[in-house]
2 protein chains.
Amino acid sequence: MSIDHRSGCPINLSLEVFGDRWSLIILRDMIFGGKRHFRDLLNGSLERIASNILADRLKRLMELGMLTRADDPTHKQKAIYSLTEMAITLVPILAHLGAWGRVWLPVSEELSIRAELLEKGGPPMWEKFMDELRHEHLGTPSDTPPDATVRATLQAGYEAVVARKAAGAGCDAGA
Amino acid sequence: MSIDHRSGCPINLSLEVFGDRWSLIILRDMIFGGKRHFRDLLNGSLERIASNILADRLKRLMELGMLTRADDPTHKQKAIYSLTEMAITLVPILAHLGAWGRVWLPVSEELSIRAELLEKGGPPMWEKFMDELRHEHLGTPSDTPPDATVRATLQAGYEAVVARKAAGAGCDAGA
DNA sequence: GCAAACCGATTGCATTTCGCAATCAGTTGC
DNA sequence: GCAACTGATTGCGAAATGCAATCGGTTTGC
């Protein structure tokens, strides 16, 4: 507890929360990938986080109030991690971050389609997505059918790109 | 060149650019504080960056295409750092980051008034601010009078809070 | 002219964090 | 019973960070 902050500036304090190379990656996988278990996060992401770093960041994000942890009733050792409202409201920031990266950095097509769809959807889509996350992680009621979720839409876009690239390319279409 | 990236995900690539504790602080001071010289950045910010870290980050941000460096004609040793378009387009991200921090973190009132004004101004204000930065750093034409700039507006808001707090409190208003 | 202040860094060094591999104790499926 | 899986933990070399002192050169004050 009682971290001594460098300053009371909002941007600085935000950086003190997730100004490192892994915290936002974990939150990204939970938000967009629907990952909720330690092993999912460990093995699921492309960036190959180390298990000690993952354990440290999960603990830290819990202390900061971004995540909660609960026992999984189906498995005595499993833990389910949930996003808090504090983490769910990062969606617009992640959307902007993805949009910026898509313009300025060497993103791959299949991994940036989600960012593109989220950018085009704009704030209304972000709000809908946040409501879905609240339903999923906080148990609030929702009237969105499971096949019309924002996450399903993003996933469908991703798979369409993957399918198109696989079909259209003889060999090195990745270049 | 040719950094080997962890993945082609836009969010990951963005984090590889400024996923550390200092890069965005430096850009914040250049964007909102108008700092353009090494010493300004070294002594000006509240977070007290070390000179070797500052030198390293300036170099890194130049290599990444976020900053450029030019000789100052008024002083043979002075260097002027300028934002590139790539850095200027971070304004919406910084605005969201400030807005999020203001809600969830223990920000100080005088340092968060800028974030509040920027949030209330919304995208139109961000666009105006980016145009001003383009004029200031890239030399593009601008028709905004110097006393009506977004930065001046934010600064006036800051000073108003400082003045109010100083007036209302007897002695140690800084606390 | 000459010393003091200032300019953008650089160096050395102790501390902390990172990243990787191996491993742990307990749980489940079969 | 045993292999696979659960959320972690440990050890250790490498890298980053933070701090203070310093560098060679430039400008300012007088």
Side-chain angles (χ1 to χ4, degrees), chain A residues 3-7 12 15-27 29-30 33-64 66-83, chain B residues 3-7 12 15-26 29-30 33-64 67-83:
Chain A
I3 314 102
D4 52 331
H5 300 294
R6 301 188 299 190
S7 85
N12 171 61
L15 284 179
E16 291 188 17
V17 170
F18 44 75
D20 72 276
R21 287 173 115 61
W22 289 112
S23 298
L24 271 190
I25 294 289
I26 293 169
L27 292 168
D29 286 344
M30 290 188 69
K35 311 284 173 60
R36 311 212 37 188
H37 298 282
F38 190 94
R39 289 284 154 171
D40 293 340
L41 292 163
L42 185 64
N43 302 322
S45 81
L46 297 159
E47 291 88 5
R48 314 260 66 195
I49 188 170
S51 64
N52 55 344
I53 308 281
L54 175 59
D56 177 82
R57 291 303 187 280
L58 287 173
K59 185 178 151 202
R60 198 178 121 81
L61 289 171
M62 283 192 287
E63 288 169 356
L64 289 166
M66 308 267 287
L67 300 179
T68 57
R69 199 192 115 117
D71 292 334
D72 187 329
T74 71
H75 189 304
K76 285 188 180 173
Q77 259 183 327
K78 266 189 179 172
I80 300 182
Y81 293 93
S82 298
L83 301 167
Chain B
I3 314 102
D4 53 332
H5 300 293
R6 300 188 299 189
S7 85
N12 171 62
L15 284 180
E16 291 188 18
V17 170
F18 44 74
D20 72 276
R21 287 175 116 62
W22 289 112
S23 298
L24 271 190
I25 294 288
I26 294 169
D29 286 343
M30 291 189 68
K35 310 284 174 61
R36 311 212 35 188
H37 298 283
F38 191 94
R39 289 284 155 174
D40 293 341
L41 292 163
L42 185 63
N43 301 323
S45 81
L46 298 158
E47 291 89 5
R48 313 262 66 195
I49 189 171
S51 64
N52 54 348
I53 308 281
L54 175 58
D56 179 82
R57 290 303 186 281
L58 287 174
K59 184 178 149 201
R60 198 178 122 82
L61 289 171
M62 283 192 288
E63 289 168 355
L64 289 166
L67 300 179
T68 57
R69 198 192 115 117
D71 292 334
D72 186 330
T74 72
H75 190 304
K76 285 188 181 174
Q77 261 183 325
K78 267 188 179 173
I80 300 183
Y81 292 93
S82 298
L83 301 167

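The chains referred to below are lettered A, B, ... by the order of the sequence lines, with proteins before strands, and numbering in each begins at 1. Hydrogens, waters and symmetry mates play no part in the numbers below; they use all other heavy atoms, side chains included.
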Atom [atom1] of [X] and atom [atom2] of [Y]: how far apart are they, to the nearest 0.5 Å?
{"X": "A:F38", "Y": "A:R69", "atom1": "CZ", "atom2": "CZ", "value": "10.0 Å"}
{"X": "B:I49", "Y": "B:W22", "atom1": "CD1", "atom2": "CH2", "value": "5.0 Å"}
{"X": "B:E47", "Y": "A:E16", "atom1": "CD", "atom2": "CD", "value": "8.0 Å"}
{"X": "A:M30", "Y": "A:L58", "atom1": "CE", "atom2": "CG", "value": "7.5 Å"}
{"X": "B:K78", "Y": "B:R39", "atom1": "NZ", "atom2": "CZ", "value": "11.0 Å"}

Atom [atom1] of [X] and atom [atom2] of [N]: how far apart are they, to the nearest Å?
{"X": "A:I53", "N": "C:dC20", "atom1": "CD1", "atom2": "C1'", "result": "9 Å"}
{"X": "B:D20", "N": "D:dA15", "atom1": "CG", "atom2": "C1'", "result": "14 Å"}
{"X": "A:L54", "N": "C:dT17", "atom1": "CG", "atom2": "P", "result": "18 Å"}
{"X": "A:E47", "N": "C:dG19", "atom1": "CD", "atom2": "C1'", "result": "15 Å"}
{"X": "A:N43", "N": "C:dC20", "atom1": "CG", "atom2": "C1'", "result": "15 Å"}
{"X": "A:K35", "N": "D:dT6", "atom1": "NZ", "atom2": "C1'", "result": "17 Å"}
{"X": "B:I49", "N": "D:dC19", "atom1": "CD1", "atom2": "P", "result": "11 Å"}
{"X": "A:R60", "N": "C:dT16", "atom1": "CZ", "atom2": "C1'", "result": "14 Å"}

Side chain to side chain donor-acceptor pair (under 3.5 Å) partners for B:S23, two or more places apart: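 Per chain and number, B:S23 pairs via side chain to side chain donor-acceptor pair (under 3.5 Å) with B:D20.
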Decide side chain to side chain contact (heavy atoms under 4.5 Å, CB included) for B:R21 and A:L15; before the verdict, give the C-alpha distance in whole Å, the side-chain angles of both, and the deciding distance to 0.1 Å. CA-CA 6 Å; B:R21 287 175 116 62; A:L15 284 179; 5.9 Å; no
For a quick test of reading the model: is some side-chain N or O of B:W22 closer than 4.0 Å to OP1 or OP2 of D:dA16?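 False: B:W22 side-chain N/O out of range (4.0 Å or more) of D:dA16 OP1/OP2.
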Respond yes when some side-chain nitrogen or oxygen of B:R57 is under 4.0 Å from OP1 or OP2 of D:dT17, and no when none is.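 B:R57 to D:dT17 OP1/OP2: side-chain N or O found under 4.0 Å.
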Side chain of B:F38, heavy atoms from C-beta onward: which of D:dT9, C:dC18, C:dG8 has the nearest atom to it?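 Among D:dT9, C:dC18, C:dG8, the one nearest the side chain of B:F38 is C:dG8.
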Summarise how protein sits on nucleotides 20-30 of chain D as a single string, 5' to 3': B when a protein heavy atom is under 4.0 Å from the base, S for sugar-phosphate-only contact, - for no contact. -B--BBSS---
Reckon A:A50 touches a base, only the sugar-phosphate, or nothing at all at heavy-atom distances under 4.0 Å?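 Base contact.
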Nearest-nucleotide 5' precedence on DNA chain D, A:R69 against A:R6: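 In this pair, the answer is A:R69.
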